[in-house]
Enquirer: 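What follows is a single structure, and I will ask about it in a moment.
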Amino acid sequence: MSAEKAHNFLEEIISEELKAGKFPEGIITRFPPEPNGYLHIGHAKSICLNFGLAKDFGGKTNLRFDDTNPVTEDTEYVESIMEDVKWLGFEWSQVVYSSDYFETLYEYAVKLIKKGKAYVDDSSAAEIAALKGTPTEPGKPSPFRDRTIEENLDLFERMRKGEFADSAKVLRAKVDMASPNMHMRDPLMYRIKHAHHHRTGNKWCIYPMYDFAHGQCDSIESITHSVCTLEFEVHRPLYEWFIHELEIYPSRQFEFARLNLNYTVMSKRKLLQLVNENHVNGWDDPRMPTISGLRRRGFTPASIRQFCEKIGVARRENIIDFGLLEFCIREDLNKTAHRVMVVEDPIKLIINNYPEGMVEMMPGEVNPEDAESGTRMIPFSKELLIEREDFMENPPKKYFRLFPEGMVRLKHGFIVKCTSFEKDVNGNVTTVYCDYFPESRSGHDTSGLQAKGVLHWVSAAQAIPVELRIYDRLFSVENPNAEEGDFKSYLNNDSLKVVEGFAEPALANASTDHRYQFLRKGYFCLDKDSTASKMIFNRTVTLKDGWKNG
RNA sequence: UGUCCGAUAGUGUAAUGGUAACACUCCAGAUUUUGAUUCUGUCAUUCAAGGUUCGAAUCCUUGUCGGACAACCA
């Protein structure tokens with residue numbers, strides 16, 4: 001880590017601790033997703049933080065599936081999570097599951113019962129809630145709070161054996177019903193769920209709650225820094241209470257502010273809803289803020305890591321501008337994307353003085369940012385396609401594209417001058433006629449002419465039709481969470497537009513190994529829906545557009 | 001009417017009692033065969049009031065605003 005770089009508060013803390021001689025074996029962090037959904041860009045922040053801290057300070061990181069609720073969890077999610085973490089470029093020390101520790105956790109619970117620090121409660125969920133009090137009123141003790149240790153031991157064992165129905169009993173920690181912190185009012189440790197678990201099958205019918213699993217798992221793995229988001233802050237006293245009472249390795253919890261991005265939502269529950277109600281086409285829909293969605297959209301691991309680096313880590317609520325993510329991907333793709341010309345919304349451009357049937361092959365660099373990238377050949381002919389928006393009958397001042405009597409450079413081609421144009425019955429321009437200047441050939445221009453504008457184009461006869469999926473922000477408002485009513489009523493109806501574009505022949509060789517810059521239009525990537533007869537491209541992001549009139 | 005956390009340009013993040021800065025955005029300009037890239041420049045910041053101090057974004061007090069907390073979710 002460079003001395004120049006600003007340290008976030010966690011790096012600061014760890015750096016001090018290391019200086020003081022703590023953790024001679026190195027630090028250990030963990031990334032602890034629950035396998036009940038797909039990872040999103042918010043998780044990427046956590047992944048970069050947890051893996052990044054270990055990497056920077058010479059430690060290691062475990063990938064731990066926090067699978068203590070069999071009802072919502074599934075191996076489908078386990079697999080996608082592992083794929084996403086790997087794709088982001090991180091390597092875990094080991095993969096573990098909270099369920100690996102169910103036996104130890106059970107023993108821990110027995111230990112607390114024996115210490116008189118836990119008891120079995122027969123109350124219903126409603127009764128427990130009623131006695132819990134509110135944030136401003138203290139709770140009251142359960143009538144079962146003072147059962148004997150022997151009775152608690154017996155009952156808890158029978159809970160495990162399956163003698164009771166779901167919800168008939170719970171195991172609770174005996175802490176403090178009057179605590180101003182609701183989480184200390186005799187929190188639940190175990191509940192009965194006769195449910196199939198994705199790892200342990202039907203072995204268990206009691207499952208530990210988050211609070212009685214997370215910190216203990218951290219401790220078992222000797223996690224030195226258990227980093228989580230701000231909403232767990234009020235759990236910290238309980239996290240420490242269990243570790244203290246259990247007399248086990250004192251892992252410590254640190255909280256940071258979760259990532260929020262504008263024009264999208266970040267809660268797994270809401271994302272699941274968008275998927276289930278078909279507002280998007282699955283978890284990996286390119287409009288989703290999921291890692292798989294961003295990947296399919298064309299984002300690179302490096303761009304996402306760079307984004308996470310740029311947003312920083314702090315403890316205050318934040319909403320990051322989507323534009324920063326776009327900046328990061330453009331910065332990356334500008335250096336690597338293959339350039340190609342594709343017309344999204346074509347009109348014809350016919351060159352009056354170009355010989356009928358003639359085709360010249362014009363060279364164009366694959367990537368001007370990369371001298372090694374070479375060139376591709378682009379056919380030029382009498383009949384071309386150009387972008388509809390690149391011609392105007394009555395242009396505003398400062399419009400330096402094509403207009404009657406106007407002159408432009410056709411990129412990698414020639415300078416042309418507009419002589420006339422045609423419209424259809426609806427008044428839409430269909431064809432533009434131009435004269436070209438043979439001596440203005442790209443790279444060998446002796447014409448002395450200068451054209452302010454440069455247009456992309458394709459030769460009509462050789463153009464290959466491609467499907468373009470044009471994405472825009474998922475929501476039409478910056479913060480759907482803050483709006484009145486159902487967040488789904490703020491979805492952007494134009495977040496996906498499918499258009500047929502026309503590409504220069506070089507794109508026929510496109511593969512998912514490369515990203516493409518469609519000149520003047522944006523960055524695109526080949527979509528997995530492509531078939532042998534139809535190539536489909538996702539627009540990752542537009543190019544920055546400095547033209548205010550556009 | 002509770003407890004805890006937070007507040008620095010439009011958005012984020014630094015400055016760790018000693019000159020308030022960096023990135024993105026915005027705006028202006030230069031270069032440009034992508035209105036891209038690149039380069040240069042401009043605008044703009046310590047929630048409020050008291051206190052401690054030679055000196056406060058930083059420490060203290062009070063207030064204001066925002067967030068979290070009353071799932072057999074994590």
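Every chain is numbered from 1 and lettered A, B, ... according to where its sequence line falls, protein lines coming before strand lines.
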Enquirer: Distance between the P atoms of B:A20 and B:G29, in whole angstroms?
Expert: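 To the nearest whole Å, 32 Å.
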Enquirer: Nearest whole Å is fine: how far is B:C24 C1' from A:Ile329 CD1?
Expert: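 Distance check: A:Ile329 CD1 to B:C24 C1' gives 16 Å.
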Enquirer: Please report, rounded to the nearest Å, how far the C1' atom of B:U16 is from the CG atom of A:Asn8.
Expert: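 After rounding, the reported distance stands at 14 Å.
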Enquirer: Within the structure shown, what part of the strands sits under 4.0 Å from A:Gly443 by heavy-atom distance: base, sugar-phosphate, or nothing?
Expert: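 The residue A:Gly443 makes base contact.
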Enquirer: For B:C72, what is the paired nucleotide under Watson-Crick or G-U wobble rules, both distances under 3.5 Å?
Expert: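 None - no nucleotide pairs with B:C72, as no candidate has both distances under 3.5 Å.
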Enquirer: How close do A:Pro143 and A:Leu131 get, heavy atom to heavy atom, and via which atoms?
Expert: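 The answer is CD-CD1, 4.0 Å.
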Enquirer: Which residue in the set A:Arg145, A:Arg172, A:Lys132 passes side chain to side chain donor-acceptor pair (under 3.5 Å) when paired with A:Asp186?
Expert: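 With A:Asp186 as partner, A:Arg145, A:Arg172, A:Lys132 yield a single side chain to side chain donor-acceptor pair (under 3.5 Å), made by A:Arg145.
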Enquirer: In whole angstrom, give the distance that lies between atom CD of A:Glu309 and atom P of B:C22.
Expert: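 Between P of B:C22 and CD of A:Glu309: 18 Å.
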Enquirer: In Watson-Crick or G-U wobble terms, both distances under 3.5 Å, what is the partner of B:U46?
Expert: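 Matched B:U46 with nothing under the 3.5 Å cut-off.
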Enquirer: Whether the A:Thr134 and A:Glu137 side chains hold a donor-acceptor pair (N or O, under 3.5 Å, no angle test) is what I'd like checked.
Expert: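 There is such a pair between these side chains.
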Enquirer: Taking the P atom in each of B:A21 and B:G2, what is the distance between them to the nearest angstrom?
Expert: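 Here B:A21 and B:G2 have their P atoms 40 Å from each other.
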Enquirer: Looking at A:Trp241, I'd like to know if the NZ or CZ of A:Arg236 sits under 6.0 Å from its six-membered ring centre while staying within 45 degrees of the ring's axis.
Expert: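 Pair A:Arg236/A:Trp241 does not count as cation-pi.
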Enquirer: Does NZ or CZ of A:Lys169 come closer than 6.0 Å to the centre of the six-membered ring of A:Phe164, within 45° of the ring's axis?
Expert: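 Here A:Lys169 passes the 6.0 Å and 45° test against A:Phe164.
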Enquirer: Want to settle it: does A:Thr136 or A:Val313 sit nearer the 5' end of RNA chain B, counting the closest nucleotide to each?
Expert: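 The 5'-side residue here is A:Thr136.
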Enquirer: Please report the distance, rounded to the nearest Å, between CG in A:Asp445 and P in B:U32.
Expert: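 It is 14 Å, rounded to the nearest whole Å.
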Enquirer: Heavy atoms under 4.0 Å, any strand shown: does A:Arg315 hit a base, just sugar-phosphate, or nothing?
Expert: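 Sugar-phosphate contact only - A:Arg315 comes under 4.0 Å of backbone atoms but never of a base.
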Enquirer: Rounded to the nearest 0.5 Å, how far does CD1 of A:Ile470 lie from NZ of A:Lys521?
Expert: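 Between A:Lys521 NZ and A:Ile470 CD1, I get 8.0 Å after rounding to 0.5 Å.
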Enquirer: Tell me the partner of B:A36, counting only Watson-Crick (N1-N3 plus N6-O4 or O6-N4) or G-U wobble (N1-O2 and O6-N3) with both under 3.5 Å; none if nothing fits.
Expert: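 Check on B:A36: unpaired, no WC or wobble geometry under 3.5 Å.
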Enquirer: For B:A23, what is the paired nucleotide under Watson-Crick or G-U wobble rules, both distances under 3.5 Å?
Expert: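 When the pairing criteria are applied, B:U11 turns out to be the nucleotide that pairs with B:A23.
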Enquirer: Rounding to the closest angstrom, what is the interatomic distance between B:A49 and B:U64 at atom C1'?
Expert: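 It works out to 10 Å between them.
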Enquirer: Look at the aromatic rings of A:His43 and A:Phe31 and report parallel, tilted or perpendicular, splitting at 30° and 60°.
Expert: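 Geometry flag for A:Phe31 against A:His43: perpendicular rings.
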Enquirer: Could you tell me how far B:A71 sits from B:U11 if I compare only their P atoms? Round to whole Å.
Expert: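 34 Å, rounded to whole Å.
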Enquirer: When you match A:Ala257 and A:Pro180 each to their closest nucleotide on RNA chain B, which lands nearer the 5' end?
Expert: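 Between the two, 5'-proximity favours A:Pro180.
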Enquirer: List the atom of A:Ala302, the atom of A:Asp332, and the distance in Å for their closest heavy-atom pair.
Expert: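 Heavy atoms only, the tightest pair is CB-OD2, 3.8 Å.
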Enquirer: Atom CZ of residue position A:Arg147 - does it have more than 12 heavy atoms of other residues, nucleotides or ligands inside 6.0 Å?
Expert: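 Atom CZ in A:Arg147 is crowded, with more than 12 foreign heavy atoms closer than 6.0 Å.
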Enquirer: Rounding to a whole Å, what distance do you find between A:Leu325:CG and B:U25:P?
Expert: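 Result: 13 Å.
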Enquirer: Any ion pair linking A:Glu504 and A:Arg376 (charged N to carboxylate O, less than 4.0 Å)?
Expert: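 Judged by the 4.0 Å cut-off on N to carboxylate O distance, A:Arg376 and A:Glu504 do form a salt bridge.
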Enquirer: Establish, from distance only, whether the side-chain atoms of A:Ser123 and A:Asp121 form a donor-acceptor pair under 3.5 Å.
Expert: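 A:Ser123 vs A:Asp121: donor-acceptor pair found between side chains.
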Enquirer: For A:Glu255, which contact category applies under a 4.0 Å heavy-atom criterion: base, sugar-phosphate, or nothing?
Expert: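 Here A:Glu255 touches no strand at all.
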Enquirer: Expressed as a whole number of angstroms, how long is the span from A:Gln306:CD to B:C24:P?
Expert: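 The distance from CD of A:Gln306 to P of B:C24 comes to 10 Å, rounded to the nearest Å.
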Enquirer: Which pair of heavy atoms, one from A:Ser251 and one from A:Ile243, lies closest together, and at what distance?
Expert: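 Residues A:Ser251 and A:Ile243, closest heavy atoms: O-CD1, 3.7 Å.
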Enquirer: Let me know the distance between CG of A:Leu230 and P of B:A7, rounded to the nearest Å.
Expert: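 After rounding, the gap between these two atoms is 11 Å.
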Enquirer: Under 4.0 Å, counting only non-hydrogen atoms across every strand here, what does A:His456 touch: a base, just sugar-phosphate, or nothing?
Expert: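 It contacts nothing in the nucleic acid.
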Enquirer: Checking A:Arg160 against A:Tyr106: charged group under 6.0 Å from the ring centre and within 45 degrees of the axis?
Expert: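 Judged by the rule (NZ or CZ under 6.0 Å from the ring centre, within 45° of its axis), A:Arg160 counts as positioned above A:Tyr106.
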Enquirer: Sort out the partner of B:A56 for me: Watson-Crick or G-U wobble, both distances under 3.5 Å, none otherwise.
Expert: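 None - no nucleotide pairs with B:A56, as no candidate has both distances under 3.5 Å.
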Enquirer: Taking N or O atoms only and anything under 3.5 Å, show me the protein contacts with nucleotides 71-74 of chain B, one pair per line.
Expert:
residue : atom : partner  : partner atom : Å
B:C72   : N4   : A:Ser123 : O            : 3.2
B:C72   : N4   : A:Ala125 : N            : 3.3
B:C72   : N4   : A:Ser167 : O            : 3.0
B:C73   : OP2  : A:Arg191 : NE           : 3.2
B:C73   : OP2  : A:Arg191 : NH2          : 2.8
B:C73   : OP2  : A:Lys193 : NZ           : 3.2
B:C73   : O3'  : A:Arg191 : NH2          : 3.2
B:C73   : O2'  : A:Asn69  : ND2          : 3.3
B:A74   : OP1  : A:Thr68  : OG1          : 2.7
B:A74   : OP1  : A:Arg191 : NH1          : 3.4
B:A74   : OP1  : A:Arg191 : NH2          : 2.9
B:A74   : OP2  : A:Tyr210 : N            : 3.0
B:A74   : O4'  : A:Glu34  : OE1          : 3.4
B:A74   : O3'  : A:Asp66  : OD2          : 2.8
B:A74   : N6   : A:His235 : NE2          : 3.2

Enquirer: Would you tabulate the nitrogen or oxygen pairs shorter than 3.5 Å linking the protein to nucleotides 34-37 of chain B?
Expert:
residue : atom : partner  : partner atom : Å
B:U34   : O2   : A:Gln517 : OE1          : 2.9
B:U34   : O2   : A:Arg520 : N            : 3.0
B:U34   : N3   : A:Gln517 : OE1          : 2.5
B:U34   : O4   : A:Arg339 : NE           : 2.8
B:U34   : O4   : A:Arg339 : NH2          : 3.2
B:G35   : OP1  : A:Arg520 : NH1          : 2.9
B:G35   : O2'  : A:Asp545 : OD1          : 3.4
B:G35   : O2'  : A:Gly546 : N            : 3.2
B:G35   : O2'  : A:Trp547 : N            : 3.4
B:G35   : N7   : A:Arg401 : NE           : 3.1
B:G35   : N7   : A:Arg401 : NH2          : 3.1
B:G35   : O6   : A:Phe400 : N            : 3.2
B:G35   : O6   : A:Arg401 : NE           : 3.3
B:G35   : N1   : A:Lys398 : O            : 3.0
B:G35   : N1   : A:Trp547 : NE1          : 3.0
B:G35   : N2   : A:Lys398 : O            : 3.2
B:U37   : O2'  : A:Asn334 : ND2          : 2.9
B:U37   : O2'  : A:Glu369 : OE2          : 3.4

Enquirer: Rounded to the nearest angstrom, tell me the gap between atom CZ in A:Arg236 and atom P in B:U3.
Expert: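 Rounding to the nearest Å, CZ of A:Arg236 and P of B:U3 are 17 Å apart.
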Enquirer: Determine the interplanar angle of the A:Tyr207 and A:His197 rings, folded into 0 to 90°, and report it as parallel if under 30°, tilted if 30 to 60°, perpendicular if over 60°.
Expert: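 Parallel, since the angle between the ring planes stays under 30°.
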Enquirer: Could you measure between the two C1' atoms, the one in B:G67 and the one in B:U53, and give it in whole Å?
Expert: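 About 33 Å, rounded to a whole number of Å.
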Enquirer: Which atoms of nucleotides 8-12 of chain B (N or O only) lie under 3.5 Å from a protein N or O atom, and what are those distances?
Expert:
residue : atom : partner  : partner atom : Å
B:U8    : OP2  : A:Arg316 : NH1          : 3.2
B:U8    : O4   : A:Arg316 : NH2          : 3.0
B:U11   : O3'  : A:Ile319 : O            : 3.1
B:U11   : O2'  : A:Ile319 : O            : 3.1
B:G12   : OP1  : A:Ile319 : N            : 2.6
B:G12   : OP1  : A:Ile319 : O            : 3.2
B:G12   : O5'  : A:Ile319 : O            : 3.4
B:G12   : O2'  : A:Ile311 : O            : 2.9

Enquirer: Using atom P of each nucleotide, how far apart are B:A36 and B:C26 to the nearest Å?
Expert: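 My reading of the P atoms in B:A36 and B:C26 gives 11 Å.
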